[in-house]
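Following: one structure in structure tokens, then a few remarks.
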Protein chains: 2
Amino acid sequence: MGSTIKDIAERLNISVSTVSYALNGGPRRVPDDVRARVLAVAKELDYRPNRVARAMVTGRSDTIGVVPPEVSEDVFLSPYLHLALNGVFNEAGRQHQDVLLFTRCSETEREEMASILVDGRVDGVIFIAPHFSEKAVELAMSTHAPCVSISGVPVEGVLTFCVDNEAGVAMALQHLYDLGHRKIAHIAGRLDMQDAIVRLQSYQAFLRSKRIPYREEWVGMGQFMIEGGRRAMNALLSLPEPPTAVFCANDEMAIGALMEAYACNRKVPDDISIVGFDNSPGTAHVYPTITTVAQPISDLGAAAVRALKQLIENTEPEESPIFPAQLIVRASTSRPMEHK
Amino acid sequence: MGSTIKDIAERLNISVSTVSYALNGGPRRVPDDVRARVLAVAKELDYRPNRVARAMVTGRSDTIGVVPPEVSEDVFLSPYLHLALNGVFNEAGRQHQDVLLFTRCSETEREEMASILVDGRVDGVIFIAPHFSEKAVELAMSTHAPCVSISGVPVEGVLTFCVDNEAGVAMALQHLYDLGHRKIAHIAGRLDMQDAIVRLQSYQAFLRSKRIPYREEWVGMGQFMIEGGRRAMNALLSLPEPPTAVFCANDEMAIGALMEAYACNRKVPDDISIVGFDNSPGTAHVYPTITTVAQPISDLGAAAVRALKQLIENTEPEESPIFPAQLIVRASTSRPMEHK
DNA sequence: GGGAGTTTGCGAAACGTTTCGGAAGATCAT
DNA sequence: ATGATCTTCCGAAACGTTTCGCAAACTCCC
């Protein structure tokens with residue numbers, strides 16, 4: 001087995017406390033020669049500090065917990081989570097924090113989630129896009145452990161990082177409006193998730209601001225997934241009066257919508273324009289490339305890590321939790337047919 | 001602060017050992033009525049076991065460590081790692097293991113990597129695609145901690161899960177050969193990574209088996225990245241005698257090659273055929289869709305977790321570490337020009 | 001009623017650290 | 001020489017568990 005601080009102490013006939021001080025360079029000083037001998041023996045014995053023991057006494061683990069959204073398997077495949085985790089992982093590395101990923105996502109085990117907050121293995125937790133139905137809310141409140149969330153439902157006292165959805169949606173729709181579109185449909189995401197709700201509301205608000213009547217049948221539900229986007233698009237194209245443009249609440253649904261449009265013999269953007277949201281990597285490689293609203297997802301993740309670190313250290317995080325959206329115009333949007 | 005086992009014991013005027021037995025249901029039994037009272041008080045006090053303390057005494061953390069490849073930032077964005085992590089995370093959840101991701105990837109800190117193996121926070125480690133230059137090899141050997149690797153360099157005594165690269169490459173090349181291609185180039189990946197080396201060797205072996213002479217200038221280096229694929233493709237197309245087909249060691253390079261082909265006014269597959277490797281999600285959505293060799297990356301990750309769990313529990317893992325490849329024929333390959 | 005066996009439960013050690021209190025010795029100014 | 005201050009370093013407590021050894025109190029059978 002690995003050697004311990006005690007082995008070093010015995011070898012040198014000194015006390016463990018002295019060894020600890022020498023190894024850590026503090027909080028009390030030890031004479032240089034003693035220190036040198038300790039380090040030499042430590043190297044010789046290939047000593048590795050036991051972080052668990054340290055965590056127990058210091059109460060700090062230098063590890064942050066990450067709780068991914070929802071219950072289903074293969075959550076990890078979503079581009080959104082992918083980018084968010086990328087930001088979290090990279091920033092965590094910079095901040096010298098390891099990441100403990102909470103993988104037990106089945107419904108029953110979800111209950112245990114609170115435990116991770118206080119079971120000593122992590123100093124704080126980042127929730128990624130927790131649902132409305134999620135208990136995360138109350139749990140986070142009940143323990144006093146530091147936590148922040150990304151694109152989650154707003155919870156009193158929990159710092160939530162997200163993109164400026166209102167502005168992003170407005171950009172996308174204004175772009176379509178400026179091209180001449182008036183028949184603009186929306187494919188919404190999972191309505192138990194904050195981003196989906198806000199994007200739907202912003203869509204409604206935009207129509208109102210332009211005095212375009214809201215039509216129930218022009219709003220489809222796509223569950224944030226390719227397949228959902230397909231189905232919603234199919235429904236829209238089957239309407240007696242189909243829209244000339246579709247704004248999708250994320251890129252996966254936009255990709256699904258795109259595929260379905262072709263499957264229904266509609267050309268994009270000639271017959272119908274499509275706009276996505278997220279600027280996930282795929283949108284630049286599909287044909288045609290998709291106009292989308294970029295949100296700096298990885299930056300959100302990184303900012304969340306920085307803020308969490310500050311909470312852990314009891315300094316007030318001051319970074320703004322709202323990140324700007326940016327319209328990326330590509331090839332999936334053009335003027336509507338009748339204007340050409 | 002959270003309550004401890006001791007609080008429960010005091011409240012009931014019993015010993016902590018009894019409480020521990022009651023809570024864990026073992027290893028000794030306690031009368032049902034006592035047990036019930038303990039559970040009631042635990043609930044009342046919102047008791048959460050401290051996993052760190054438990055880990056210290058049991059030596060088990062129910063957490064597995066994951067060490068991602070290489071040094072650069074944004075490793076996490078690669079589809080390969082994405083799929084591998086997806087498999088690892090999902091299977092870990094099923095096996096009731098959390099995942100500790102080792103994020104400190106800067107070169108100096110990489111040295112510390114050995115520590116994670118024995119610092120008590122994890123029961124075992126999965127290395128994902130470690131390089132040749134990596135110290136992971138010796139480190140893994142030196143500690144006796146359980147570890148496995150995915151697509152890494154083969155190390156004596158370390159179970160390595162990977163796809164059957166030879167067979168996969170042979171399928172891809174045979175497909176091109178059957179279509180009539182004889183001028184087949186290869187864009188290789190990072191040659192400090194096992195998959196890249198084996199795929200290059202398999203490419204050479206295939207040419208030999210068909211008595212096609214090997215031409216140095218038909219092998220480009222693409223570093224497994226889109227940009228590298230672009231550059232390599234550009235070089236190939238500038239040759240006095242360009243190839244009619246290109247086999248890329250991964251899909252990202254294939255996508256780069258595809259983009260560059262169009263940028264150079266070559267039609268795919270009419271002017272040049274392209275085959276990728278990995279079947280990463282993007283290949284089905286680009287235009288044209290890319291013929292590729294599918295490898296069950298997520299399954300590799302899942303198998304690695306299962307095997308690691310068995311190593312931890314001292315049972316011999318028996319699952320085969322070689323996974324089958326499968327050719328997915330899509331739209332980026334066709335007969336070469338001269339045969340049409 | 002006496003031994004064997006079972007049930008119940010207490011106390012304490014152990015895991016590997018960090019860090020505090022304080023003791024012993026050295027240094028120095030007066 | 002005397003106290004004051006500084007240096008060096010030891011012993012021990014603490015973190016929250018698990019689990020072992022042991023003892024007391026029951027149960028049961030002859």
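Just so we're on the same page: letters track the sequence lines, and every chain starts at 1.
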How close or far is atom [atom2] of [N] from atom [atom1] of [X], stated in whole angstroms?
X         : N       : atom1 : atom2 : value
Met56(A)  : dA13(D) : CE    : P     : 16 Å
Asp33(B)  : dT7(C)  : CG    : P     : 15 Å
Asp62(B)  : dT17(D) : CG    : P     : 16 Å
Asp119(B) : dT17(C) : CG    : C1'   : 13 Å
Leu23(A)  : dG16(C) : CG    : P     : 15 Å
Asn50(A)  : dG16(C) : CG    : C1'   : 6 Å

Per-pair distances, 0.1 Å, donor-acceptor, side chain in residues 8-17 of chain B, under 3.5 Å, sequence neighbours excluded:
{"from": "Arg11(B)", "atom 1": "NH2", "to": "Glu44(B)", "atom 2": "OE2", "distance (Å)": "2.4"}
{"from": "Ser15(B)", "atom 1": "OG", "to": "Ser17(B)", "atom 2": "OG", "distance (Å)": "2.9"}
{"from": "Ser15(B)", "atom 1": "OG", "to": "Thr18(B)", "atom 2": "N", "distance (Å)": "3.4"}
{"from": "Ser15(B)", "atom 1": "OG", "to": "Thr18(B)", "atom 2": "OG1", "distance (Å)": "3.1"}

Classify [X] by what it touches in the nucleic acid, base, sugar-phosphate, or nothing, heavy-atom distance under 4.0 Å.
X        : value
Val34(B) : sugar-phosphate
Val52(B) : nothing
Arg29(B) : sugar-phosphate

Just so I know, are the side chains of Pro317(A) and Leu159(A) near enough to count as touching, which here means a heavy-atom distance under 4.5 Å?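 The answer is yes; the side chains approach within 4.5 Å.
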Taking the side chain as every heavy atom from C-beta outward, state whether Arg121(B) and Val52(B) have any atom pair closer than 4.5 Å.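 Side chain of Arg121(B) against side chain of Val52(B), heavy atoms only: no contact under 4.5 Å found.
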Candidates [options] - which lies nearest the side chain of [X]:
X        : options                   : result
Pro31(A) : dT17(D), dC9(D), dT17(C)  : dC9(D)
Val57(B) : dT19(D), dG21(D), dT17(D) : dT17(D)
Tyr21(B) : dT8(C), dT18(D), dT19(D)  : dT19(D)

If you measure from the Lys or Arg side-chain nitrogens to the Asp or Glu carboxylate oxygens, is any gap between Arg35(B) and Asp33(B) under 4.0 Å?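 Here Arg35(B) does not pair with Asp33(B) in a salt bridge, since their nearest N and O are not under 4.0 Å apart.
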Can you see if the side chain of Asn24(B) gets near the phosphate of dT18(D) - specifically, an N or O under 4.0 Å from OP1 or OP2?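 Result: yes.
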Can a donor-acceptor pair under 3.5 Å be found between the side-chain atoms of Arg121(B) and the base atoms of dG16(C)?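 Answer is no: no donor-acceptor pair is held.
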Given the structure, check if the side chain of Arg28(B) and the base of dG21(D) hold any donor-acceptor pair shorter than 3.5 Å.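 Answer is yes: a donor-acceptor pair is held.
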Can you list, by residue number, the residues of residues 4-20 of chain B that have a non-hydrogen atom closer than 4.0 angstrom to DNA chain D?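 Close to the strand are Thr4(B), Ile5(B), Ser17(B), Ser20(B).
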Mind checking what makes side-chain contact (heavy atoms from CB on, under 4.5 Å) contact with Ala302(B), not counting sequence neighbours?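 Ala302(B) satisfies side-chain contact (heavy atoms from CB on, under 4.5 Å) with Glu91(B), Arg306(B) once adjacent residues are dropped.
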When you measure from the side chain of Ser151(A) to the backbone N and O of Cys162(A), does any donor-acceptor pair fall under 3.5 Å?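 Side chain of Ser151(A) to backbone of Cys162(A): no pair is present.
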Could you walk me through whether Asn50(B) and Asp119(A) pass the side chain to side chain contact (heavy atoms under 4.5 Å, CB included) check? CA-CA 4 Å; Asn50(B) 183 315; Asp119(A) 74 5; 5.8 Å; no
